There are 2 protein chains.
Amino acid sequence: MARRKQSVTIKHVAADAGVSLQTVSRVINKEPNVRPVMRERVQASIEKLGYVPSIAAQRMSGSRSYLIMALNDRERTIADWRKREGTDWVDQMLLGGMLKCAEHGYRLIVELIDTHSDHIERELLGAIAALQPDGVILTPPHSQNQRVIELLRKHQISVARIGSLDGGPGLRFTMDDERAARLASEHLLQLGHRRIGFIAGSPEYELSAWRIDGWRAAMRAAGCADAGLCEESDFSFESGRRAARALLGGRQPTTAIIASNDQTALAVMDVAREMELSIPDDLSLVSFDDTPLVRFGDPALTAIAQPIAEVTAQAVAAIIEDRKTQSELDRTVVVPAGLIPRQSTAPPRNG
Amino acid sequence: MARRKQSVTIKHVAADAGVSLQTVSRVINKEPNVRPVMRERVQASIEKLGYVPSIAAQRMSGSRSYLIMALNDRERTIADWRKREGTDWVDQMLLGGMLKCAEHGYRLIVELIDTHSDHIERELLGAIAALQPDGVILTPPHSQNQRVIELLRKHQISVARIGSLDGGPGLRFTMDDERAARLASEHLLQLGHRRIGFIAGSPEYELSAWRIDGWRAAMRAAGCADAGLCEESDFSFESGRRAARALLGGRQPTTAIIASNDQTALAVMDVAREMELSIPDDLSLVSFDDTPLVRFGDPALTAIAQPIAEVTAQAVAAIIEDRKTQSELDRTVVVPAGLIPRQSTAPPRNG
DNA sequence: ATGAAAGCGCTAACAC
DNA sequence: GTGTTAGCGCTTTCAT
C-alpha cells in the first residue's frame, strides 16, 4: 500500500511564506521571537493553503500529542451502554471535554479500562504506548487507584482526577458530594422528615463516604438519629432493592430515602410499588443521578444534578494548562452539584 | 519542555530478540517471510518488555494511522447531549465501534462537523490533516453529502456510509428503513387500523423517503388510502406537534400514527394529551427510535429498534478490511431494524 | 528469510 | 529574531 502523504505540510507553508520551517513552527505554536510581520505572512500562507499540523508528526518530534484520554471503567460503561437506560455520563464527558479540547486543538479520546483486572497496568500501559496522551482524565473508581496514578505520573502524563481527593498531589475535581448529600438531606428535613434513609454507593468509591458524611452531618445538625438508616449498595438495581427493603421493611420504616445513584433510586420505586407505598405521599425519594429515567419518570424524581460536562471541561482546561506550566499543578477544583426538587419529595404523611 | 520518549520501542524489542528492526516490524504487522522460530522469539520479547507500537510513529512512516473517525452532525449531537433526554446514538456507535476497533488495535474517535456550514470542507480537511484517519464512518446527513464523500475519496480514506445508498460506490450500510416502516404499518394494519398517519423525517435525510415508501407500500398493499396522511417534520418536537395536530385535527383523524423519531413521537403524545386522546385506546403510536424515554415512558411505546451498535461494528470491520484489500470495496450491508411491540398500539376503538 | 538505509512531518537544541 | 541540524519510532524500499 502506498505511503499516504500529507497534502499540505509545514514545508509547503515555509516555502510559500519564504521562511524556514522553524519560523512556521513558531507561529503554529504561538512561540515568541517572531516579528509580527513574519507572523502575519506565515498566517496568511497557512490560511491560503489550508494547512493543519499533523498531530502524529507533532507527537513524534515534540512533547505534545494533543490527545487527552478520558478513562472510564470498562465493565460499568459497557453495561450502561447495553442497558440503554439513558445513563449519559460518557456523553456529558464528551460534551464538556470535546468542546473544550477543540478550543485548543486537542482531541478527546474515550478509553475503557477494567477496574478489577490484575493486569490493569498492562492495559493502561498499552493505551499510553499506543496513544501517548498528554493528559488523562480519571473517573471513579480509576481516579483513586494508586497504581494508575503512579503509572501515569511516571510517564509524565498530566492527570486530572474526578471524584477522588486522596492519592497525593495533582489536579483533583469534585462535585462536592458531601454538600450535595447535605442539600438533599436538608431538603427532606425541611419538609418535616425525621427518619431519612440513605442508600450508600459502593464503598470502593471514595465519594460514597463523602455522601454518607453529608447526610449524617445534616441529620445530626437537625438532631435526628441516623443509626441503622444507612444501607450499603454497589450501585446496582438489585442491591438497591435490598437496601430499600431493609429501610422500609422494619417496624419503623423511613419516610424518605436518598439513593446514591439512578439505579438504586429506581429500585426504591420498584420496592415502593410492591409495598403499595405511594411516592411522594408515603415515601419521599431523592436520586443522586439526574438521568432521563429519573427526570421523566412518574413521578419525576427530585435529584442531585452532577455537572459532569462542566467538570470535564475544567479538567481538560487544567490539563492543557498543566502542559504549559513548568511546575506541576496541585489543586482541588470544586464544581458543586445542585439539588433539583421535583415531584418525589413531599412532607411525610404524619409530618 | 523535555522530549518525551517512548519507554519501550521497536529497537528495544529488536535488541532483546537479537534481530533487526525490520523483523520485529514484520511480526507486529503479521507479514510473511518470517520463520516461525524468529516470530516466536520476537513475540516473546514483545510480551516480556510489554511493547506496544506507537500509533503516531506508525502513521508517520506507514500508510495506516489505526484511527477511525465517527463523523456526526455537530448541531444535532450537541443539542441531544444538552437536552439530556437519553438519545444514545453516539453511545451506541461507541459501543459497537470501540469494541470492534479494539479487536484490531484501532481506536474510534468521535468528531463533530457542521452540516450546514459553507466551510464544511475546511472543517473536514482540518480533521483529516490533524488525525489522518484510516477510515471515516459517516452518519446522516453527512453520509449522503457528495462533497464530503468526494473529499474523503480524494484523500484515500476508506468511507463507510450509514443511512445512504446514493452517492456512488463504496461501503453502504442501512437498517432497511423501508422494511422497518412497512413492519410498523403492517403491525397497525393487522390491529385493524385503516387511517394510519405518517410523520416523515427531515427531507434532507435520504432515509426519510425510504420510510415513507415503506409505509405507503404497506398501506396500498392493504388497500388503504394514503393521501393526506403523510406530514413532514424536521425531527424536532415542535415540528412533530404541528404534524400531529394536522393528522389528528381534521374531520377524519387518523387512528394511528408512525413517527419518524423519538422527538416527534413524544410530540404526538403531547398533542394527544391536549386533545384528551388516550394512547392506545383512542390513538395508536409507533416511534422510529427506541430511546429510553420511549421505552420507559407511560405508556411504553411500540418502537423500531435500530441496531446502531451492530451497524457501527460492521462499518468498522469493513473499513479495516478495506485497508487490507487492494481493490476498493463496493457493497451494501443491511442490518435490519426490528419492531418491538409495546403498550402504545392496540386495535382502534371502532375497529 | 533477513537486514540496512531512507524518510515520513514536525520540534528541540543550538547556531547565527 | 531566524535558520540549521538532528532525531522522534516506525515502515517502506531495496539489497543481500
Side-chain angles (χ1 to χ4, degrees), chain A residues 1-15 17-42 46 49 51-67 105 128-132 134 156 323-324, chain B residues 1-15 17-42 46 49 51-67 105 128-132 134 156 323-324:
Chain A
M1 173 145 311
R3 213 183 187 81
R4 192 152 45 92
K5 302 209 290 189
Q6 195 81 326
S7 39
V8 180
T9 73
I10 197 170
K11 280 186 193 166
H12 298 101
V13 177
V19 297
S20 73
L21 299 186
Q22 198 45 41
T23 302
V24 179
S25 176
R26 287 192 180 106
V27 173
I28 297 168
N29 296 296
K30 301 191 174 75
E31 280 170 21
N33 296 339
V34 184
R35 275 182 310 174
V37 204
M38 285 282 127
R39 193 177 294 281
E40 279 175 39
R41 186 131 61 98
V42 172
I46 289 175
L49 302 175
Y51 167 74
V52 176
S54 149
I55 73 168
Q58 290 188 120
R59 168 60 197 101
M60 282 305 293
S61 52
S63 47
R64 284 167 306 178
S65 66
Y66 292 97
L67 250 33
I128 291 174
L131 296 172
Q132 302 175 121
D134 288 347
Q156 311 193 45
R323 280 279 124 186
K324 294 186 193 151
Chain B
M1 174 149 308
R3 217 179 184 82
R4 193 152 44 94
K5 303 210 290 189
Q6 196 82 325
S7 42
V8 180
T9 73
I10 197 170
K11 280 187 194 166
H12 298 101
V13 177
V19 296
S20 73
L21 300 185
Q22 213 30 246
T23 304
V24 179
S25 175
R26 288 190 179 104
V27 172
I28 297 167
N29 297 296
K30 301 191 172 74
E31 281 170 21
N33 296 338
V34 184
R35 278 181 310 175
V37 204
M38 285 282 130
R39 194 177 294 280
E40 279 175 40
R41 186 133 58 97
V42 172
I46 289 176
L49 303 176
Y51 167 74
V52 175
S54 149
I55 73 166
Q58 288 187 122
R59 169 58 197 102
M60 281 305 292
S61 51
S63 47
R64 284 167 307 178
S65 66
Y66 293 97
L67 250 33
I128 291 173
L131 296 171
Q132 302 176 116
D134 288 348
Q156 310 193 46
R323 281 278 122 184
K324 294 183 190 151

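Chain identifiers are assigned alphabetically (A, B, ...) following the order of the sequence lines, protein sequences preceding nucleic acid strands; residue numbering begins at 1 within each chain. Because the structure is predicted, anything quoted here is derived from the model rather than measured.
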Holding to side-chain contact (heavy atoms from CB on, under 4.5 Å), I want the full list of residues that pass it with A:Ala130, two or more places apart in sequence or in another chain. B:Val52, B:Ile55, B:Arg107
Could you state the atom-to-atom distance from CZ of B:Arg59 to P of C:dG7 in whole Å? 17 Å
Mind calculating the distance between CD1 (A:Ile55) and C1' (D:dG9) to the nearest angstrom? 16 Å
Closest to side chain of B:Arg26, choosing from C:dT2, D:dG3, D:dT11: C:dT2
Testing D:dT12, C:dG9, C:dT11 for proximity to the side chain of A:Gln58, the answer is C:dT11
Mind listing the residues from residues 30-39 of chain B sitting with a heavy atom below 4.0 Å of DNA chain C? Number order is fine. B:Asn33, B:Val34, B:Arg35, B:Met38
Applying ring pair (Phe, Tyr, Trp, His ring centres under 6.0 Å) to A:Tyr51 and not counting sequence neighbours gives none
Closest to side chain of B:Ser20, choosing from D:dT11, C:dG9, C:dA4: C:dA4
Residues forming a side-chain contact (heavy atoms from CB on, under 4.5 Å) with A:Ile128, sequence neighbours excluded: A:Leu124, A:Leu152, A:His155, A:Ile157
For A:Ile28 and for B:Val19, find the nucleotide of DNA chain C with the closest heavy atom, then tell me which residue's nucleotide is more 5'. B:Val19
For D:dG1, does OP1 or OP2 lie under 4.0 Å from any side-chain N or O of A:Thr23? no
Closest to the A:Met60 side chain: C:dT11, C:dG9, D:dC10? C:dG9
Would you please name every residue forming a side chain to side chain donor-acceptor pair (under 3.5 Å) with A:Ser7, sequence neighbours left out? none
So, does A:Ser61 get its side chain near the phosphate of C:dA12, meaning an N or O under 4.0 Å from OP1 or OP2? no
Considering just the side-chain nitrogens and oxygens of B:Tyr66, establish if one lies under 4.0 Å of OP1 or OP2 belonging to D:dC10. no
At less than 3.5 Å, do the side-chain atoms of B:Gln22 and the base atoms of D:dT12 form a donor-acceptor pair? yes
Rounded to the nearest 0.5 Å, how far apart are OG of B:Ser25 and CD of B:Gln58? 8.5 Å
Residues forming a side-chain contact (heavy atoms from CB on, under 4.5 Å) with A:Glu31, sequence neighbours excluded: A:Arg26, A:Asn29
Verify whether one side chain among B:Arg4 and A:Gln156 offers a donor that lies under 3.5 Å from an acceptor in the other. no
